[in-house]
Amino acid sequence: MAGGITMKLFELNLGQSKLMMIQFSPKMADPKVHGHGSDYQLSIPLIGTPFIQINNHERKFEERRWCITSPGEKHYHYANEEGSRLLLINLQRSFLEKVLTERLERSVDQLDFATWVESSVEGFKRIAAHVMKHTLDSSLQLEELREFEYELASLLFSHTKGAHSDAWRNAASCTDHPSLRKAMDYIHDDFSKELDLDTLSQASGISKFYLIRLFKEYVGQTPSQYIADYRLRQAERLLRKTPNEVTDIAFEVGFGSLSTFERLFKKKYGMTASEFRKSV
């Protein structure tokens, strides 16, 4: 097998995870057998029928099958005569242990996954596509990236079998509306200040994982999306009722940059803030 990756189409380090898209020409392979330190790696085929060798055992990626290599587990990918493309997602062991502990509300003694998984990969592909698209125009904020990492971890635990499976499925549903109300009240009171998941988690008294899940399930948005939307509504009110400059309003409602405010305002209202003011 000839060595060498044909092309690394995309690579993004989110902090506790990493996304990569790799294109293999026919009969090409990773440069060498390798492991990933303390990371679990998800190998998800996108185009073609790639192969992987794990601990000297070779296997072909069949339809709807993807695999997980454990930290330090030696492996390499390669293509047949057709060539192939893979989405690779690395997740740090410590991060996955943290997410599982928060979900189960107890410490985790063991973390393992079946190597081969047969389930939909659409959720992983959707997240990767969204992150890649919006990273190109620098429109994703740090808190949004952290939320995507939690969503990746949640998908992994939901779609795989391992020591976590029964406890993950049986974990109590997030119906703690008072906690969600606390987080939303905090946002409403302090929307002009810098807000992050740690602050909202403390204010609501629940973990970041539960907080994200509550917002997604009952509000239909992530915390950062809700914050941005609430700030835009406050900006709309100020545009209608005050003569304040657009730049001053953007910073007054909590946006860190004018460009971010203008982009999100136009996306929500279909016009710039200046155009909106003239229309009312």
Side-chain angles (χ1 to χ4, degrees), residues 12-19 91-108 127 130-131 134-135 138-157 171-238 247-265 267-268:
L12 178 65
N13 192 330
L14 303 182
Q16 300 172 108
S17 63
K18 183 166 65 173
L19 302 175
L91 291 158
Q92 293 178 5
R93 179 199 288 270
S94 59
F95 173 60
L96 291 176
E97 290 173 342
K98 177 183 176 183
V99 170
L100 189 57
T101 297
E102 290 179 352
R103 167 68 182 263
L104 304 183
E105 297 186 322
R106 60 176 172 80
S107 59
V108 178
I127 293 173
H130 187 85
V131 172
H134 290 281
T135 300
S138 302
S139 63
L140 287 179
Q141 305 300 310
L142 177 60
E143 285 304 304
E144 292 178 287
L145 293 176
R146 293 182 67 187
E147 290 166 1
F148 281 125
E149 287 189 309
Y150 271 87
E151 193 170 354
L152 286 171
S154 178
L155 283 171
L156 175 61
F157 284 121
S173 176
C174 292
T175 57
D176 191 0
H177 291 283
S179 295
L180 178 61
R181 186 75 258 164
K182 287 179 184 178
M184 295 178 75
D185 286 344
Y186 190 92
I187 292 169
H188 298 168
D189 291 340
D190 293 313
F191 64 88
S192 63
K193 299 178 182 178
E194 184 174 347
L195 297 173
D196 56 31
L197 281 174
D198 290 323
T199 301
L200 294 179
S201 176
Q202 284 188 337
S204 61
I206 57 177
S207 71
K208 294 187 287 289
F209 175 79
Y210 276 123
L211 185 63
I212 293 169
R213 189 170 172 215
L214 275 172
F215 266 91
K216 291 281 283 186
E217 186 171 352
Y218 296 106
V219 183
Q221 297 174 306
T222 65
S224 61
Q225 289 169 340
Y226 182 81
I227 291 168
D229 191 64
Y230 189 79
R231 286 171 172 165
L232 289 172
R233 283 184 274 140
Q234 299 311 305
E236 177 195 351
R237 178 179 59 82
L238 292 174
T247 300
D248 294 336
I249 289 175
F251 290 108
E252 183 178 346
V253 299
F255 284 98
S257 73
L258 180 60
S259 61
T260 299
F261 168 72
E262 290 178 333
R263 175 179 56 80
L264 293 177
F265 192 94
K267 181 178 180 180
K268 180 177 177 65

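The chain is numbered in sequence order, starting from 1.
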Classify the angle between the aromatic ring planes of Phe191 and Tyr230 as parallel (below 30°), tilted (30 to 60°) or perpendicular (above 60°).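 Taking Tyr230 first and then Phe191, their aromatic rings stand perpendicular (interplane angle over 60°).
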
From [X] [atom1] over to [Y] [atom2], what is the distance, rounded to the nearest 0.5 angstrom?
X	Y	atom1	atom2	answer
Gln202	Lys208	CD	NZ	9.0 Å
Ile206	Ser179	CD1	OG	4.5 Å
His188	Gln234	NE2	CD	8.5 Å
Met184	Leu214	CE	CG	11.0 Å
Phe215	Ser224	CZ	OG	9.5 Å
Ile187	Leu200	CD1	CG	5.0 Å

So, do Arg146 and Thr222 sit near enough that their side-chain heavy atoms are less than 4.5 Å apart?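 In short, these two side chains do not touch, never coming nearer than 4.5 Å.
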
Please examine the side chains of Leu197 and Glu147, heavy atoms only from C-beta on, and report whether any two atoms are closer than 4.5 Å.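 Yes. Closest side-chain heavy atoms under 4.5 Å.
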
Quick one: do Glu236 and Leu232 satisfy side-chain contact (heavy atoms from CB on, under 4.5 Å)? Show the steps, please. CA-CA 6 Å; Glu236 177 195 351; Leu232 289 172; over 6 Å; no

Is there a donor-acceptor contact under 3.5 Å linking the side chains of Thr199 and Asp196?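 Present: a donor and an acceptor within the cut-off.
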
Please step through side-chain contact (heavy atoms from CB on, under 4.5 Å) for the pair Ser204 and Tyr210, ending with a clear verdict. CA-CA 10 Å; Ser204 61; Tyr210 276 123; over 6 Å; no

Please give me the minimum heavy-atom distance between Phe261 and Ala235, naming the atom from each residue.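 Nearest heavy atoms, Phe261 then Ala235: CE1-CB, 3.6 Å.
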
Mind listing the closest non-hydrogen atom pair of Ala203 and Tyr186 along with its distance?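 That would be CB-CD1, 3.6 Å.
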
Would you mind writing out the side-chain donor-acceptor pairs for residues 92-100 within the sub-3.5 Å range, not counting sequence neighbours?
from, atom 1, to, atom 2, distance (Å)
Gln92, NE2, Gly15, O, 3.1

Determine yes or no for a side-chain-to-main-chain donor-acceptor pair under 3.5 angstrom, with Ser192 supplying the side chain and Val253 the backbone.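 Such a contact is absent between Ser192 side chain and Val253 backbone.
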
